[in-house]
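Report on the following structure.
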Amino acid sequence: MDFTYSADQSDLAALCRDVFESEYPPEPALAEETHSAKLHAALAQAGILGLAFEESVGGSGGSLFDLGIAFREAGRAPAPTTFAGTVFAGLLVDRLGSAEQRASFLAPLCAGERLATVAFAEPSTDGDPSLLRTAATRAGDGWTLTGVKDFVPDASSADTIVVAAVADTGLAFFLVPAHAPGVSIVRRQTFGHDRQDEITLDGVSVPADAHLAGASLDAYLACRDAMVALQCMEMLGGAERVLEMSAEYVRTRHQFGRPIGSFQAVQHHIADMAIEVAAGAAAAHRALWLVAGGRPARAEVAIAKTWLSRAFVAVTLHAHQVHGGMGYVREAPLHLFSQRAKTLELQLGTRRAHLEAIAGTLW
Amino acid sequence: MDVELSARDLEWREEVRRFLADAVTDELRAELAEPRPAGRGPAEAAFWRKVGERGWMSLTWPQEYGGRNLDALRRLILVDEFEYAGAPMLDMTITSLAPVIIRHGTPANKERWLPGIRSGEIRFALGYSEPDAGTDLAALRTSAVLDGEEWVVNGDKIWNTGAHTQTHEWLAVRTGPDPGHRGISIVIVPLDAPGVTVQPIWTWGDHRTNQVFFDSVRVPRDHLIGEVNRGWDYIVAALDNERGHLGSVGGLRRVVDELIEAARVTVVDGRLLCEDPVARLAIAELHAEVEVARLLSYQVASGGVDGVVETVPATMLKVLVTELRAKIGSVGMSLFGLHGQLAGPRAPLGGLLEHTYRLAPLFRFGGGTNEVMRDIIAQRGHGLPRSGRR
Ligand SMILES: Cc1cc2nc3c(=O)[nH]c(=O)nc-3n(C[C@H](O)[C@H](O)[C@H](O)COP(=O)(O)OP(=O)(O)OC[C@H]3O[C@@H](n4cnc5c(N)ncnc54)[C@H](O)[C@@H]3O)c2cc1C
C-alpha cells in the first residue's frame, strides 16, 4: 500500500498547478466568468484536457488517475466549470461512442476547440435514470428529442450537449448541437453565480450518428462513478486550498498583540479542517484509483462523495470563522469556495443519494 | 415555574402582530430584498413613520423619558415578531444606544440627542471596529484630540455598516494616553461632516458595509457622551442592552415554518419531501432545535432584571442560535437537491434558505465571535481560569 504520488504524478500535479495559477489567478471578479478562453487554451496546450483519452483520438494517453490529479488542482483554483463539464462530456463519448464518434468528438475537445456539457437532470429527477422523461423517438434514420433538461452546466457556452433521453432501447445519449433548431436555453439563477441552464428540446432532430450506440444503464453508471470520483478530487483540492489559506491567514492576522493562530480555539478550527482534508484525501484517492483501474467501485465512490461533500462544506465554515470579516467580503476569494462546496455537494448525487447507494451495498 | 407566556405577554405579542400585519407590506418586503446602495427606501421610511405614530420609537426607554420600559421578555417578543414578519429591525440607536445616553449621558447630551432619536431624524452608525481592532476592540486607534471647544477626529473605521444609511457615527475613539480600555471615549460625529469619507464594502451576504475615514473631522466639545475616557463602560452597557435580542429565533422560526410548508408540496426525485423518511426527520429535527432555542431565549429573557439579561446565559443563546442558523441553511438547501442551489424568486423558499446559509458566517463571527463567546461561558459561567486574551 502506498498513498503517495510517483515522481511522474507529482510532476503532473505541479504542471497542472502552474497552468491554473498562471492562467487563472484567483480573482473573485474573474471567477464570476464561468469560462476562461485563455485558461482553456492553456489546458489544451499542456495536454490536460486530453489526459484520460487515447492518443489515437487526440488525447495525451494518460489515465483517469492522472485526470483526477488535474481535478484536484482544478479544485484549488477554483477552475471555471467549463473544464469539468467538457471533460465529463468527453468521458461519456469515449466510453459510450463508436470509434468514429470518439475520433470526431474527442480530437477537437482535447485541442481545446470544443466546449461540451452533459445534460442529465430533469424537472422530474436530479439523477435517477428510471425517472427520466425526455423522449427519443426514431424518425427515419435519425431521432427526434423532446423534453426538458435542467441544471445543465454551461450549456450556453457549449457547442455540443450530450443529452440523456429515454429511447425504445432504454437509456440513450445523443450529441446535440447547442444551436440546433428546437433547442432553447434559459439560464438558472444559482447561489454560486455559476452558469447552469434549463434546456427545452422541442422536437429536436438529430441524425443517426448523433446516437451513442454503446450506451447502457451499466455503462452509464460506471462512467458516472468515474465522474463522481473526479468530482471528489476537485472537492479535495478545494478543501486543501481553503485549509492552506486559513492557516496562512491566522499566522499573519494579529489581535491582542499576537497571531490569532496562537489561540487554541483558532488552532482547533485548523486542526478539524486538517482532519477532514486528510481523511478526504484517503477516501478520494481510493475511489479514483479503483475507477481508474476499471474496478467496480460503487460503494467506494459513494463513500468518498459522502465524506468529501460534508468535509468541503465544513472546511469552508471553519474558514469563515477564523477569517472573521476579512473572509466575508466579495473581494476575498473564500466565498467562491463556499459556493463551490455547496454546489458540488448537490451535483452528481446528493449525500442522500450516495448514502442510499452505500446502504444498497449493505443490505 | 410557569413555562408559558402570561396573558399579558400574549396580549403584547398580539399587539405587535397586529401592527406588523398592517405595516409590513409587499412593497416593503420587495424593497428590503434588494441590497441598497444608500439611504432608506420609501417603503421603509413609511414603515418607520408608522412605528413612530404608534409611539414605539422609545419603547424600551424608561417611562420618565416617554418610553414603556419594556422588560427583557417583552423586548424579545417584539424582536422575534419583527424578525418573523421580515420587518426592518428596530434601530439599535433606539434599543441600545439611547438607553446609554439616558443612563450615562450629560444633561446636554440628553437634550441634544434624545428628541431627534425619538423622531427618527437622528440615527447612529456603530463605529467600533478598525482594521487592527476586531475582537481586540480595545486596540482601537482612531483618536479625538481636544482643540479649544472642538474634538478633532482622525482615523479609520471598518465594517461600519450604518455609515451610508444613518445620520451620525456613535464613534469609539481614543482620548487618553492610556492604552487598552481606559483611554476610550464615545463621540458623536455627523456623517456629513467635512473630512468624513465613506467607502463601500460588499459582502457575500449581499450586505453593504463600509470603511470610513476621518481626516481632521471637527465636532463640538459637547458631542462627547458622558465622561471622557469612560467609553468602554458605555460600549459594554450598550452591548448589555442588545444582549436579549442577539439570540432571537424569530428569523429562524420563519425559515423552518416555510420549510415545513414547502415540504408539503415539493417533490424531489419522485418523492414528496414530507413523505420522504429522510427529509421528514431532517425537518422535524430542525423544528425541534428551533423550538428548544426559542425556549432557551425565553428562559434567558424572563430571568432578566431591569431589562438587562445576564451575560453568560445570553452568551450561550448567541452561540446556540448562530450555530443552528448555519445548520438550517445547509441542511435546508441539501433537502432540495439540485434545486437547493437556486437563488432568487424561483429558489426554494424564494431564496430564503440560500440567503440564510450565506448569512450564517456573519452571525457566527459577528456580535462577538463564537470562540470568544465560548471562553466567556467557560470562564465566567463555570469559573475556569482565563487564557489567551489580555
Ligand atoms: C457585514 C459586517 C458588518 C459589521 N458591522 C459592524 C458595525 O456596524 N460596527 C462595528 O463596529 N463592527 C461591525 N462589524 C465587525 C464585527 O464585529 C467583526 O467582524 C468582529 O468583531 C470580528 O472581528 P474581525 O473580523 O476583525 O475578526 P478577528 O478579531 O480577526 O477574529 C478572527 C478569528 O480569530 C479569533 N480570535 C480572535 N481573538 C481571539 C481570542 N482571544 N481567543 C480565541 N479566538 C480569537 C476569532 O474568534 C475569529 O475566529 C461587522 C462585520 C461584518 C463582516
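Below, chains carry the letters A, B, ... as their sequence lines are ordered, and counting in each starts from 1. In what follows, every heavy atom counts, from backbone to side chain, and hydrogens, waters and symmetry copies are set aside.
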**Complete:** Greatest number of non-hydrogen atom pairs under 4.5 angstrom with chain A, of B:Arg358, B:Arg364, B:Glu354, B:Arg374, falls to B:Arg364

**Prompt:** Does any heavy atom of chain B fall under 4.5 Å from the side chain of A:His269, the backbone, both, or neither of them?
**Reply:** side chain

**Item:** Atom group of B:Leu353 that falls short of 4.5 Å from chain A, counting heavy atoms
**Value:** neither

**Request:** Find the distance between CG (B:Leu338) and OG1 (A:Thr190) and round it off to the nearest 0.5 Å.
**Result:** 11.5 Å

**Message:** Heavy-atom pairs under 4.5 Å with chain A - which of B:Ile158, B:Asp276, B:Val268 has more of them than the others?
**Reply:** B:Asp276

**Item:** Any side-chain heavy-atom pair of B:Asn370 and A:Gln321 under 4.5 Å
**Value:** yes

**Asked** Given a strict heavy-atom distance threshold of 4.5 Å, which part of B:Ile201 is in contact with chain A: side chain, backbone, both, or neither?
**Response** side chain

**Asked** Distance from A:Gln196 atom CD to B:Leu342 atom CG, nearest 0.5 Å?
**Response** 8.0 Å

**Prompt:** Using 30° and 60° as the class limits, which term best fits the ring planes of A:Tyr328 and B:Phe365: parallel, tilted or perpendicular?
**Reply:** perpendicular

**Prompt:** Would a distance-only check, ignoring hydrogens and angles, find a side-chain to backbone donor-acceptor pair under 3.5 Å from A:Lys342 to B:Gln341?
**Reply:** no

**Request:** Heavy-atom distances under 4.5 Å only: say whether B:Ala360 touches chain A with side chain, backbone, both or neither.
**Result:** neither

**Request:** Pick one of side chain, backbone, both or neither for A:Gln264, based on which atoms fall under 4.5 Å of a heavy atom in chain B.
**Result:** neither

**Request:** Kindly check if the number of other-residue, nucleotide or ligand heavy atoms within 6.0 Å of CZ (B:Arg280) is above 12?
**Result:** no

**Message:** Can you confirm whether more than 12 heavy atoms, excluding those of B:Arg346, are under 6.0 Å from its CZ atom?
**Reply:** no

**Prompt:** A:Gly327, A:Ala265, A:Gly325: which one forms the most heavy-atom pairs within less than 4.5 Å of chain B?
**Reply:** A:Gly325

**Prompt:** Taking NZ, NE, NH1 and NH2 as the nitrogens, is one of them in B:Asp136 or A:Arg258 under 4.0 Å from a carboxylate oxygen of the other?
**Reply:** no

**Asked** Side chain of A:Gln255, backbone of B:Gly134: donor and acceptor closer than 3.5 Å?
**Response** yes

**Item:** Engaged part of B:Thr209 at the chain A interface, taking heavy atoms whose separation is under 4.5 Å
**Value:** neither

**Prompt:** Side-chain contact, heavy-atom cut-off 4.5 Å: B:Trp159 with A:Met326?
**Reply:** yes

**Message:** So for A:Leu317, is it side chain, backbone, both, or neither that comes closer than 4.5 Å to the heavy atoms of chain B?
**Reply:** both

**Prompt:** When only pairs under 4.5 Å are counted, which of B:Ala279, B:Ala133, B:Ser334, B:Ser129 shares the most heavy-atom pairs with chain A?
**Reply:** B:Ser334

**Prompt:** Pick from B:Ala347, B:Gly337, B:Gly344, B:Gly351: which one has the most heavy-atom pairs with chain A under 4.5 Å?
**Reply:** B:Gly337

**Asked** Which of parallel (below 30°), tilted (30 to 60°) and perpendicular (above 60°) describes B:Trp204 and A:His320?
**Response** parallel

**Message:** Only heavy atoms, only distances under 4.5 angstrom. Which residues in residues 343-359 of chain A are near chain B?
**Reply:** A:Thr343, A:Glu345, A:Leu346, A:Gln347, A:Thr350, A:Arg352, A:Glu356

**Heavy-atom donor-acceptor pair, A:Arg330 side chain to B:Trp202 backbone, under 3.5 Å** = no

**Message:** Does B:His339 form a side chain to side chain contact (heavy atoms under 4.5 Å, CB included) with A:Asp150? I'd like the steps, not just the answer.
**Reply:** CA-CA 10 Å; B:His339 288 260; A:Asp150 208 351; 4.2 Å; yes

**Asked** By a 4.5 Å heavy-atom criterion (distance strictly below it), what part of B:Val267 contacts chain A: side chain, backbone, both, or neither?
**Response** neither

**Request:** Specify which of A:His254, A:Arg253, A:Glu122 makes the most heavy-atom pairs with chain B at under 4.5 Å.
**Result:** A:Arg253

**Message:** Only pairs of heavy atoms separated by less than 4.5 Å count here; which of A:Val329, A:Thr125, A:Asp126 has the most with chain B?
**Reply:** A:Asp126

**Message:** Among B:Leu362, B:Thr369, B:Leu335, which residue has the highest count of heavy-atom pairs closer than 4.5 Å to chain A?
**Reply:** B:Leu362

**Request:** Give a yes or no on whether the ring-centroid distance for B:His355 and A:Phe191 is below 6.0 angstrom.
**Result:** no

**Asked** Atom CZ in A:Arg310, atom OG in B:Ser330: separation rounded to 0.5 Å?
**Response** 11.0 Å

